[in-house]
Amino acid sequence: MKELGTEILIVGGGLGGVAAALAAASHGRRVVLTEETDWLGGQLTAQAVPPDENPWIERFGSTRTYRELRAGIRDHYRRHYPLRAEAAKHAELNPGAGKVSKLCHEPRVALAVVEAMLAPHVSAGRIHVLRDHRPVGVHTTGDRVEAVVLEGEERVVVKARYVLDATENGDLLPLAGTEHVTGAEAKSEHGEPHAPDAADPANLQGITYCFAVSHHEGENHVIDKPAMYGFWRDYQPDFWPGPLLGFVAPDPRTLDPVKRTFVPNPPGDPLAVSADQSADAGDKELWTFRRILARGLHTAGAFDSDVTLVNWPLNDYWLKPALTIPGHAGEADVKTAHHEAKQLSLSVLHWLQTEAPRADGGTGFPGLKLRPDVTGTKDGLAKSAYVREARRIKAVTTVTEHDVSAEILGVDGRVRRADAVGVGSYRIDLHPSTGGDNYIDVASVPYEIPLGALLPVRTANLLPAGKNIGTTHITNGCFRLHPVEWNVGEVAGLLAAFAVSEDVEPRAVQADSRLFEDFARVLDAAGVERRWPEVRGY
């Protein structure tokens with residue numbers, strides 16, 4: 001078994017893991033960064049999800065390095081794509097002209113930018129990347145993690161002073177015996193208005209296997225009928241207004257039945273598309289909702305179709321938890337959940353190609369072409385499931401609905417944190433869950449991220465660096481998005497680096513006001529925003 005030693009081990013190469021590695025390495029620390037797939041970038045790349053962001057993201061509301069990531073994506077298109085002159089000059093270029101985000105783009109472009117950001121540190125030997133490695137064991141002594149065992153082509157044991165869990169599911173938490181929770185807390189625990197009466201550890205938001213398609217009229221790209229097509233074609237959830245494979249679905253905010261439209265390659269100038277989640281969710285026209293390449297932004301004939309990303313109500317999967325939960329779901333259950341989720345997405349595609357109603361009265365869009373070249377896979381689906389909800393640490397500070405809800409605080413309300421280490425804003429957006437819940441999508445206010453939410457109640461040298469921080473099932477709904485995951489990861493990396501250089505424990509940084517002031521200066525110098533200007537919730 002191969003052994004490695006480092007100062008900081010970051011397990012999980014998603015957005016939080018990448019941000020953590022950049023932060024720690026930029027302060028001269030030695031880092032080992034691992035990733036279960038062969039693509040770094042997590043939900044932005046391997047999961048193929050364009051960023052969900054706050055409406056002020058172009059001006060404020062993220063860390064400086066997250067803005068550098070966004071700028072790098074736009075610059076990649078300007079340097080390498082045949083953009084129209086007007087598009088190339090547009091300061092806020094939205095390559096996909098999607099309505100979900102001000103920056104919709106292809107996953108491979110984000111991958112290229114992430115790799116470029118890491119490259120100087122990799123070349124200098126400060127960051128060592130282990131791709132295609134997943135954690136299978138943790139060695140602990142008392143309250144400390146000593147080493148993590150990783151499975152890849154060969155088993156690797158990595159010893160480190162600090163270990164960051166940046167996995168998509170919080171995989172290190174059970175392996176390390178770190179106190180954590182899954183699923184929904186009972187209303188009695190925190191008094192959250194939208195929490196259920198009884199706790200349900202197996203009640204998790206659904207996962208989604210995203211995929212990309214283009215459309216070529218007159219061509220036939222119909223895939224073979226998936227094995228579970230009959231099941232998914234006939235499936236109608238109790239809380240759904242019709243079959244899941246259909247264009248009528250609940251409005252997440254009102255739960256009213258709403259008919260979605262689907263018009264491949266619509267006319268119009270993509271430069272005219274506006275993306276603002278506070279004004280319009282943008283999810284009623286499915287093609288443009290998560291479009292990641294807009295042919296109209298490029299010179300005539302460069303592309304014969306847009307490319308859009310299918311992450312819609314139709315292919316959210318919630319029949320079984322895709323997470324091992326003692327007493328509720330084992331490894332075999334998780335394997336079945338992922339299989340069924342993939343079958344759902346392939347069934348959505350086959351239904352679109354063969355049975356979906358068209359505006360002209362016909363059925364099916366056989367010209368829809370699955371794009372494995374976009375996702376980097378053989379089956380055409382994303383490399384990884386889009387995971388909305390992970391295991392969460394039992395933290396020094398738990399963020400509850402009372403800290404973020406506009407219904408409770410008012411749209412101008414704000415909870416100020418003495419230990420603020422970042423900012424975030426998004427609606428409390430929970431997708432249908434394995435517990436049978438419909439959408440929970442309610443207004444929230446811009447919030448400050450407390451350092452206490454990154455500190456386990458007991459384990460001394462393990463830090464969360466993604467969706468596994470101290471939120472609840474409810475507040476995870478507004479903490480799980482791209483810029484917040486990056487912010488959490490960056491702070492975790494900076495905190496680990498600070499702990500190494502100052503020879504202090506992370507919990508002491510939060511408990512000692514002098515130490516926190518020193519750490520806050522590190523955050524400020526790195527461009528980590530910790531306070532919001534006067535903006536309203538939505």
Side-chain angles (χ1 to χ4, degrees), residues 11-12 14 36-37 42-43 46-47 134-138 148-149 151 165-186 189 195-210 227-228 231-232 235 237-240 244 315-347 381-394 430-440 456 464 466-477 479-480:
V11 182
E36 191 165 336
T37 73
Q43 57 179 320
Q47 297 172 34
R134 63 184 184 88
V136 294
V138 172
V148 176
V149 182
E151 187 76 68
D165 185 347
T167 61
E168 299 300 324
N169 288 302
D171 291 331
L172 290 189
L173 304 183
L175 293 174
T178 296
E179 291 80 0
H180 65 279
V181 296
T182 62
E185 296 90 346
E189 184 167 353
D197 290 334
D200 185 354
N203 188 7
L204 303 165
Q205 289 188 67
I207 64 170
T208 304
Y209 271 95
C210 304
M228 290 186 66
F231 172 83
W232 288 117
Y235 176 62
D238 294 339
F239 53 82
W240 216 253
L244 185 62
N315 63 326
D316 279 1
Y317 172 86
W318 57 73
L319 294 189
K320 296 179 179 68
L323 194 64
T324 55
I325 304 169
H328 297 275
E331 292 287 354
D333 301 301
V334 171
K335 184 176 181 180
T336 297
H338 281 277
H339 170 73
E340 292 179 351
K342 289 182 176 183
Q343 282 288 301
L344 171 56
S345 285
L346 292 172
S347 295
L381 304 177
K383 288 177 178 287
S384 302
Y386 177 31
V387 175
R388 297 180 175 89
E389 184 173 352
R391 300 176 182 91
R392 306 181 298 279
I393 63 165
K394 288 188 177 180
L430 279 73
H431 283 232
S433 70
T434 54
D437 295 333
N438 204 334
Y439 291 97
I440 299 174
K467 295 183 288 290
N468 51 351
I469 65 171
T471 61
T472 64
H473 174 68
I474 299 297
T475 57
N476 167 75
F479 268 73
R480 63 181 174 80

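Note that the numbering runs from 1 along the sequence shown for the chain. Values below: all heavy atoms of this structure, side chains included; hydrogens, waters and symmetry mates excluded.
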Pairwise distance [atom1]([X]) to [atom2]([Y]) - rounded to 0.5 angstrom:
X: Asp333; Y: Leu319; atom1: CG; atom2: CG; answer: 12.5 Å
X: Glu189; Y: Thr472; atom1: CD; atom2: OG1; answer: 9.0 Å
X: Glu389; Y: Leu430; atom1: CD; atom2: CG; answer: 6.5 Å
X: Asp171; Y: Arg134; atom1: CG; atom2: CZ; answer: 9.0 Å

Which heavy atom in [X] sits nearest to a heavy atom in [Y], and how many Å separate them?
X: Asn203; Y: Gly435; answer: OD1-N, 2.9 Å
X: Ser345; Y: Leu381; answer: CB-CD2, 3.9 Å
X: His473; Y: Gly183; answer: CB-O, 3.2 Å
X: Ala186; Y: Ala195; answer: C-CB, 4.2 Å
X: Ala202; Y: Ile325; answer: CA-CD1, 3.7 Å
X: Arg388; Y: Gly206; answer: NH1-O, 2.8 Å

With no hydrogens and no angle check, do the side chains of Thr167 and Asn169 hold a donor and an acceptor under 3.5 Å apart?
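Result is no, nothing qualifies.
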Decide whether Asn315 and Thr208 meet the rule of one side-chain donor and one side-chain acceptor closer than 3.5 Å.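 No - no donor-acceptor pair under 3.5 Å links their side chains.
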**Message:** Can you classify the ring geometry of Trp232 versus Tyr317 as parallel (below 30°), tilted (30 to 60°) or perpendicular (above 60°)?
**Reply:**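 Perpendicular.
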_Please verify the inter-ring angle class for Tyr209 with His338; under 30° counts as parallel, over 60° as perpendicular, anything in between as tilted._
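Perpendicular, since the angle between the ring planes exceeds 60°.
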Please check: side-chain N/O of Asp165 versus main-chain N/O of Asn468, any donor-acceptor pairing under 3.5 Å?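 No; judged by distance alone, with no hydrogens or angles, the pair does not exist.
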**Q.** Backbone of Lys394 reached by a side-chain donor or acceptor of Glu179 within 3.5 Å
**A.**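 Between the backbone of Lys394 and the side chain of Glu179 there is no qualifying donor-acceptor contact (under 3.5 Å).
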Discussion item. Between Arg391 and Thr182, does the side-chain contact (heavy atoms from CB on, under 4.5 Å) criterion hold? Intermediate values first, please.
Written reply: CA-CA 5 Å; Arg391 300 176 182 91; Thr182 62; 3.7 Å; yes
**Report entry** Sequence-distant partners of His431, ring-ring contact (aromatic ring centres under 6.0 Å, His included), two or more places apart
**Finding:**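 By the ring-ring contact (aromatic ring centres under 6.0 Å, His included) rule, His431 matches Tyr439.
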Assess whether a salt bridge exists between Lys467 and Glu168, defined as any Lys/Arg side-chain N lying under 4.0 Å from an Asp/Glu carboxylate O.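 Looking at Glu168 together with Lys467, the answer is yes, because their closest N to O distance falls below 4.0 Å.
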